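Since the structure comes first, as C-alpha coordinates, the remarks are kept for the end.
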Amino acid sequence: MTVLAAVAGRIVPRGLGSRRAFLLIERNAHVYRRTWLVLVSGFFEPLFYLLGVGFGIGGLVGAVPGPDGRLIPYGAFVAPALLAASAMNGAIYEATLNVFFRLKYERIYEAILATPVGPGDIALGEIGWALIRGLLYALGFMVVMVALGLVASPLALLAIPAAVVVGFGFAGAAMAATTWMRSWQDFDLVQLVVLPLFLFSGTFFPLTAYPPVLAAIVQVTPLYRSVDLVRSFTTGVVGPSVVLDVVYLLGMGFLGLTIVSRRLDKLLLK
(Lines give C-alpha, C1' and ligand atoms only; values in the text may rest on other atoms or scores of the structure.)
Protein backbone atom coordinates (compact mmCIF):
# COMPACT_ATOMS: atom_id res chain seq x y z
CA MET A 1 0.00 0.00 0.00
CA THR A 2 2.87 2.38 0.83
CA VAL A 3 4.53 1.72 -2.54
CA LEU A 4 1.25 2.32 -4.39
CA ALA A 5 0.69 5.53 -2.50
CA ALA A 6 4.17 6.76 -3.40
CA VAL A 7 3.61 5.94 -7.08
CA ALA A 8 0.20 7.62 -7.05
CA GLY A 9 1.72 10.73 -5.54
CA ARG A 10 4.04 10.98 -8.55
CA ILE A 11 1.65 10.21 -11.43
CA VAL A 12 -1.51 12.00 -10.27
CA PRO A 13 -1.42 15.76 -10.80
CA ARG A 14 -1.67 17.88 -7.70
CA GLY A 15 -5.30 18.96 -7.14
CA LEU A 16 -6.62 15.62 -8.39
CA GLY A 17 -5.74 13.84 -5.17
CA SER A 18 -2.71 12.61 -3.29
CA ARG A 19 -1.57 9.54 -1.40
CA ARG A 20 -4.11 10.44 1.29
CA ALA A 21 -6.73 8.98 -1.09
CA PHE A 22 -5.58 5.53 0.04
CA LEU A 23 -6.96 6.29 3.49
CA LEU A 24 -10.45 6.44 1.98
CA ILE A 25 -9.86 3.16 0.14
CA GLU A 26 -8.81 1.61 3.43
CA ARG A 27 -11.96 2.97 5.08
CA ASN A 28 -14.18 1.42 2.39
CA ALA A 29 -12.38 -1.91 2.70
CA HIS A 30 -13.13 -1.99 6.42
CA VAL A 31 -16.81 -1.20 5.76
CA TYR A 32 -17.20 -4.02 3.25
CA ARG A 33 -15.60 -6.65 5.48
CA ARG A 34 -19.04 -7.22 7.04
CA THR A 35 -21.05 -6.82 3.84
CA TRP A 36 -18.84 -8.73 1.39
CA LEU A 37 -21.87 -10.50 -0.13
CA VAL A 38 -23.14 -7.15 -1.40
CA LEU A 39 -19.71 -6.50 -2.88
CA VAL A 40 -19.67 -9.69 -4.97
CA SER A 41 -23.36 -9.72 -5.94
CA GLY A 42 -22.78 -7.66 -9.08
CA PHE A 43 -20.57 -10.43 -10.48
CA PHE A 44 -23.48 -12.82 -11.02
CA GLU A 45 -25.56 -10.84 -13.54
CA PRO A 46 -22.99 -11.02 -16.39
CA LEU A 47 -22.28 -14.63 -15.41
CA PHE A 48 -25.93 -15.54 -15.89
CA TYR A 49 -25.91 -13.74 -19.24
CA LEU A 50 -22.87 -15.76 -20.26
CA LEU A 51 -24.47 -19.07 -19.34
CA GLY A 52 -27.89 -18.18 -20.74
CA VAL A 53 -26.92 -16.29 -23.88
CA GLY A 54 -23.38 -17.43 -24.61
CA PHE A 55 -24.22 -21.11 -24.36
CA GLY A 56 -28.02 -21.22 -24.64
CA ILE A 57 -28.47 -18.99 -27.66
CA GLY A 58 -24.89 -19.66 -28.72
CA GLY A 59 -25.88 -23.25 -29.50
CA LEU A 60 -28.32 -21.91 -32.08
CA VAL A 61 -26.11 -19.13 -33.45
CA GLY A 62 -22.94 -21.15 -33.92
CA ALA A 63 -19.88 -19.09 -34.94
CA VAL A 64 -19.66 -15.34 -35.56
CA PRO A 65 -16.94 -13.07 -37.01
CA GLY A 66 -14.20 -12.17 -34.51
CA PRO A 67 -12.05 -9.01 -34.42
CA ASP A 68 -10.05 -10.11 -37.48
CA GLY A 69 -13.07 -11.38 -39.42
CA ARG A 70 -12.41 -15.05 -38.75
CA LEU A 71 -15.22 -17.09 -37.25
CA ILE A 72 -15.08 -17.83 -33.53
CA PRO A 73 -17.56 -19.62 -31.23
CA TYR A 74 -20.37 -17.38 -30.06
CA GLY A 75 -19.48 -18.01 -26.41
CA ALA A 76 -15.91 -16.79 -27.01
CA PHE A 77 -17.35 -13.71 -28.72
CA VAL A 78 -19.77 -12.81 -25.92
CA ALA A 79 -17.57 -13.65 -22.90
CA PRO A 80 -15.00 -10.79 -23.21
CA ALA A 81 -17.82 -8.32 -23.81
CA LEU A 82 -19.51 -9.46 -20.62
CA LEU A 83 -16.17 -9.19 -18.79
CA ALA A 84 -15.94 -5.55 -19.90
CA ALA A 85 -19.58 -5.02 -18.88
CA SER A 86 -18.83 -6.61 -15.51
CA ALA A 87 -16.01 -4.13 -14.87
CA MET A 88 -18.29 -1.32 -16.00
CA ASN A 89 -21.15 -2.39 -13.73
CA GLY A 90 -18.93 -2.68 -10.66
CA ALA A 91 -17.39 0.74 -11.22
CA ILE A 92 -20.69 2.49 -11.99
CA TYR A 93 -22.54 0.96 -9.06
CA GLU A 94 -19.85 2.00 -6.61
CA ALA A 95 -19.39 5.48 -8.10
CA THR A 96 -23.11 6.30 -8.23
CA LEU A 97 -25.34 4.69 -5.60
CA ASN A 98 -22.77 4.41 -2.84
CA VAL A 99 -21.17 7.79 -3.45
CA PHE A 100 -24.58 9.47 -3.58
CA PHE A 101 -25.58 7.91 -0.26
CA ARG A 102 -22.34 9.01 1.38
CA LEU A 103 -22.62 12.48 -0.09
CA LYS A 104 -26.29 13.23 0.60
CA TYR A 105 -27.24 11.08 3.59
CA GLU A 106 -24.25 9.81 5.55
CA ARG A 107 -22.40 13.08 4.91
CA ILE A 108 -19.12 11.38 5.73
CA TYR A 109 -17.24 13.57 3.28
CA GLU A 110 -17.91 16.64 5.39
CA ALA A 111 -16.34 14.89 8.36
CA ILE A 112 -13.42 13.71 6.23
CA LEU A 113 -12.70 17.26 5.09
CA ALA A 114 -12.09 18.20 8.73
CA THR A 115 -8.89 16.16 8.35
CA PRO A 116 -5.96 16.86 5.99
CA VAL A 117 -7.83 14.88 3.28
CA GLY A 118 -9.08 17.22 0.55
CA PRO A 119 -11.79 17.04 -2.17
CA GLY A 120 -9.29 15.72 -4.70
CA ASP A 121 -8.29 12.95 -2.30
CA ILE A 122 -11.95 11.98 -1.84
CA ALA A 123 -12.49 11.88 -5.61
CA LEU A 124 -9.37 9.80 -6.21
CA GLY A 125 -10.10 7.49 -3.26
CA GLU A 126 -13.68 6.75 -4.30
CA ILE A 127 -12.71 6.17 -7.92
CA GLY A 128 -9.84 3.97 -6.73
CA TRP A 129 -12.23 1.89 -4.66
CA ALA A 130 -14.60 1.61 -7.65
CA LEU A 131 -11.62 0.32 -9.65
CA ILE A 132 -10.95 -2.33 -7.03
CA ARG A 133 -14.57 -3.45 -7.17
CA GLY A 134 -14.50 -3.63 -10.96
CA LEU A 135 -11.20 -5.53 -10.79
CA LEU A 136 -12.70 -8.14 -8.44
CA TYR A 137 -15.54 -8.72 -10.89
CA ALA A 138 -13.12 -9.01 -13.80
CA LEU A 139 -10.89 -11.51 -11.97
CA GLY A 140 -13.85 -13.71 -11.06
CA PHE A 141 -15.21 -13.58 -14.59
CA MET A 142 -11.83 -14.41 -16.10
CA VAL A 143 -11.61 -17.53 -13.93
CA VAL A 144 -15.00 -18.61 -15.29
CA MET A 145 -13.89 -17.94 -18.87
CA VAL A 146 -10.76 -20.05 -18.46
CA ALA A 147 -12.75 -22.86 -16.83
CA LEU A 148 -15.24 -22.88 -19.72
CA GLY A 149 -12.52 -22.81 -22.39
CA LEU A 150 -13.47 -19.38 -23.73
CA VAL A 151 -9.91 -18.00 -23.83
CA ALA A 152 -8.06 -18.37 -27.12
CA SER A 153 -4.72 -16.68 -26.34
CA PRO A 154 -2.23 -16.19 -23.49
CA LEU A 155 -2.73 -12.46 -24.14
CA ALA A 156 -5.99 -12.90 -22.23
CA LEU A 157 -3.95 -12.12 -19.10
CA LEU A 158 -3.83 -8.53 -20.35
CA ALA A 159 -7.62 -8.44 -20.21
CA ILE A 160 -7.34 -7.96 -16.43
CA PRO A 161 -5.40 -4.65 -16.56
CA ALA A 162 -7.64 -3.75 -19.51
CA ALA A 163 -10.64 -4.21 -17.22
CA VAL A 164 -9.01 -1.82 -14.72
CA VAL A 165 -8.75 0.80 -17.48
CA VAL A 166 -12.42 0.18 -18.31
CA GLY A 167 -13.36 0.60 -14.66
CA PHE A 168 -11.37 3.84 -14.41
CA GLY A 169 -13.11 5.37 -17.39
CA PHE A 170 -16.61 4.53 -16.21
CA ALA A 171 -15.94 5.30 -12.54
CA GLY A 172 -14.70 8.79 -13.37
CA ALA A 173 -17.67 9.54 -15.63
CA ALA A 174 -20.22 8.00 -13.25
CA MET A 175 -18.96 9.80 -10.15
CA ALA A 176 -18.91 13.10 -12.06
CA ALA A 177 -22.57 12.55 -12.98
CA THR A 178 -23.39 11.67 -9.36
CA THR A 179 -22.29 15.09 -8.13
CA TRP A 180 -25.22 16.62 -10.06
CA MET A 181 -27.86 14.16 -8.85
CA ARG A 182 -30.50 15.55 -6.49
CA SER A 183 -32.62 12.50 -5.60
CA TRP A 184 -32.83 8.73 -6.01
CA GLN A 185 -35.13 9.21 -9.02
CA ASP A 186 -32.17 10.55 -10.96
CA PHE A 187 -30.72 7.05 -11.01
CA ASP A 188 -33.35 6.10 -13.57
CA LEU A 189 -31.31 8.23 -15.97
CA VAL A 190 -28.25 6.11 -15.21
CA GLN A 191 -30.10 2.97 -16.27
CA LEU A 192 -31.38 4.81 -19.33
CA VAL A 193 -27.75 5.18 -20.40
CA VAL A 194 -26.29 1.89 -19.16
CA LEU A 195 -28.91 -0.48 -20.61
CA PRO A 196 -28.61 0.67 -24.25
CA LEU A 197 -24.82 0.63 -23.90
CA PHE A 198 -24.99 -2.94 -22.63
CA LEU A 199 -27.25 -4.13 -25.46
CA PHE A 200 -25.84 -2.24 -28.44
CA SER A 201 -22.07 -1.99 -27.90
CA GLY A 202 -21.10 -5.09 -29.84
CA THR A 203 -21.81 -7.13 -26.73
CA PHE A 204 -24.03 -9.76 -28.31
CA PHE A 205 -23.75 -9.02 -32.05
CA PRO A 206 -20.83 -8.19 -34.34
CA LEU A 207 -20.67 -4.64 -35.64
CA THR A 208 -21.54 -5.85 -39.14
CA ALA A 209 -25.05 -6.72 -37.92
CA TYR A 210 -25.91 -3.02 -37.50
CA PRO A 211 -26.86 -0.55 -40.24
CA PRO A 212 -23.88 1.62 -41.25
CA VAL A 213 -25.14 4.75 -39.47
CA LEU A 214 -25.84 2.89 -36.22
CA ALA A 215 -22.51 1.07 -36.48
CA ALA A 216 -20.69 4.41 -36.72
CA ILE A 217 -22.47 5.65 -33.59
CA VAL A 218 -21.76 2.44 -31.70
CA GLN A 219 -18.03 2.72 -32.37
CA VAL A 220 -17.74 5.98 -30.42
CA THR A 221 -19.52 4.70 -27.30
CA PRO A 222 -17.39 3.92 -24.22
CA LEU A 223 -18.57 0.35 -23.75
CA TYR A 224 -17.84 -0.54 -27.37
CA ARG A 225 -14.28 0.74 -26.92
CA SER A 226 -14.10 -1.33 -23.73
CA VAL A 227 -15.41 -4.45 -25.42
CA ASP A 228 -13.03 -3.99 -28.34
CA LEU A 229 -10.10 -3.67 -25.93
CA VAL A 230 -10.90 -6.76 -23.87
CA ARG A 231 -11.95 -8.88 -26.85
CA SER A 232 -8.68 -8.08 -28.64
CA PHE A 233 -6.72 -9.67 -25.80
CA THR A 234 -8.93 -12.71 -25.18
CA THR A 235 -8.94 -13.63 -28.88
CA GLY A 236 -5.27 -12.76 -29.41
CA VAL A 237 -6.06 -10.32 -32.23
CA VAL A 238 -4.34 -7.08 -31.14
CA GLY A 239 -4.30 -4.15 -33.54
CA PRO A 240 -3.86 -0.36 -33.53
CA SER A 241 -7.42 0.08 -32.21
CA VAL A 242 -6.16 -1.05 -28.78
CA VAL A 243 -4.22 2.22 -28.42
CA LEU A 244 -7.32 4.21 -29.32
CA ASP A 245 -9.36 2.23 -26.77
CA VAL A 246 -6.88 2.88 -23.95
CA VAL A 247 -6.52 6.60 -24.74
CA TYR A 248 -10.31 6.98 -24.97
CA LEU A 249 -10.98 5.31 -21.60
CA LEU A 250 -8.09 6.98 -19.76
CA GLY A 251 -9.19 10.35 -21.11
CA MET A 252 -12.74 9.72 -19.93
CA GLY A 253 -11.48 8.70 -16.49
CA PHE A 254 -9.17 11.68 -15.97
CA LEU A 255 -11.83 14.08 -17.23
CA GLY A 256 -14.29 12.62 -14.73
CA LEU A 257 -11.72 12.80 -11.94
CA THR A 258 -11.08 16.49 -12.68
CA ILE A 259 -14.80 17.28 -12.69
CA VAL A 260 -15.42 15.38 -9.45
CA SER A 261 -12.57 17.18 -7.66
CA ARG A 262 -13.96 20.57 -8.62
CA ARG A 263 -17.57 19.65 -7.92
CA LEU A 264 -16.78 18.28 -4.45
CA ASP A 265 -14.82 21.41 -3.69
CA LYS A 266 -17.89 23.46 -4.63
CA LEU A 267 -20.44 21.24 -2.85
CA LEU A 268 -18.56 20.58 0.38
CA LEU A 269 -16.50 23.70 0.90
CA LYS A 270 -19.07 26.32 -0.05
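Scope of the values below: all heavy atoms of this structure, side chains included, with no hydrogens, waters or symmetry mates. Just so we're clear, the structure is a prediction, and the values are computed from it rather than from any experiment.
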>> Could you check whether any side-chain heavy atom of V64 comes within less than 4.5 Å of a side-chain heavy atom of L71, counting everything from C-beta outward?
In response: no
> Where the side chain of Y248 meets the backbone of V220, is there a donor-acceptor pair that is under 3.5 Å apart?
Replying inline: yes
> Are E126 and R133 within salt-bridge range, i.e. N to O under 4.0 Å?
Replying inline: no
> Angle class for the W184/Y105 ring planes (parallel below 30°, perpendicular above 60°, tilted otherwise)?
Replying inline: parallel
> Considering residues, nucleotides and ligands other than F205, do more than 12 of their heavy atoms fall under 6.0 Å from its CZ?
Replying inline: no
> Between the main-chain N or O of A95 and the side-chain N or O of T178, is there a donor-acceptor pair closer than 3.5 Å?
Replying inline: yes
> Is there side-chain contact between F100 and D186, with at least one heavy-atom pair below 4.5 Å?
Replying inline: no
> CE/M252 to CG/L250 distance, rounded to the nearest 0.5 angstrom?
Replying inline: 9.5 Å
>> I'd like to know whether N89 forms a side-chain contact (heavy atoms from CB on, under 4.5 Å) with V194, so could you lay out the CA-CA distance, the side-chain angles of the two residues, the decisive distance to 0.1 Å, and finally the verdict.
In response: CA-CA 9 Å; N89 288 340; V194 171; 4.3 Å; yes
> Can you tell which of L158, V243, L155 makes a side-chain contact (heavy atoms from CB on, under 4.5 Å) with V238?
Replying inline: L155
>> side-chain contact (heavy atoms from CB on, under 4.5 Å) for W129 and L24? Distances and angles first, verdict last.
In response: CA-CA 8 Å; W129 178 250; L24 192 61; over 6 Å; no
> To the nearest 0.5 Å, what is the distance between CZ (R102) and CZ (R107)?
Replying inline: 15.5 Å
>> Nearest 0.5 angstrom please: F101 CZ to I108 CD1, how far?
In response: 9.5 Å
>> Could you report the tightest heavy-atom contact between L197 and F170, atom names first, then the distance?
In response: CD1-CE2, 4.3 Å
> What are the two closest non-hydrogen atoms of T203 and R231, and how far apart are they?
Replying inline: O-NH2, 3.7 Å
> Between F204 and F198, does the ring centre distance come in under 6.0 Å?
Replying inline: yes
>> Before you tell me yes or no, could you show the steps for Y109 and V99 under side-chain contact (heavy atoms from CB on, under 4.5 Å), namely the whole-Å CA-CA distance, both residues' side-chain angles and the distance that decides it to 0.1 Å?
In response: CA-CA 10 Å; Y109 299 144; V99 168; 3.9 Å; yes
>> Between S241 and R225, is the side-chain contact (heavy atoms from CB on, under 4.5 Å) condition met? List the steps.
In response: CA-CA 9 Å; S241 66; R225 305 286 11 141; 4.2 Å; yes
>> Nearest 0.5 angstrom please: F77 CZ to L150 CG, how far?
In response: 13.5 Å
>> Check for me, please, whether L199 and I92 land in the same ILVMFWY cluster - side-chain distances under 4.5 Å, paths through other members count.
In response: yes
> Got more than 12 heavy atoms from elsewhere within 6.0 Å of CZ, R263?
Replying inline: yes
>> Return the CE to CG distance between M181 and L103, rounded to the nearest 0.5 Å.
In response: 11.5 Å
>> Heavy-atom count check: over 12 atoms from other residues, nucleotides or ligands less than 6.0 Å from F200 CZ?
In response: no
> Just how far is it from atom CG of L264 to atom CD1 of I112, taken to the nearest 0.5 Å?
Replying inline: 10.5 Å
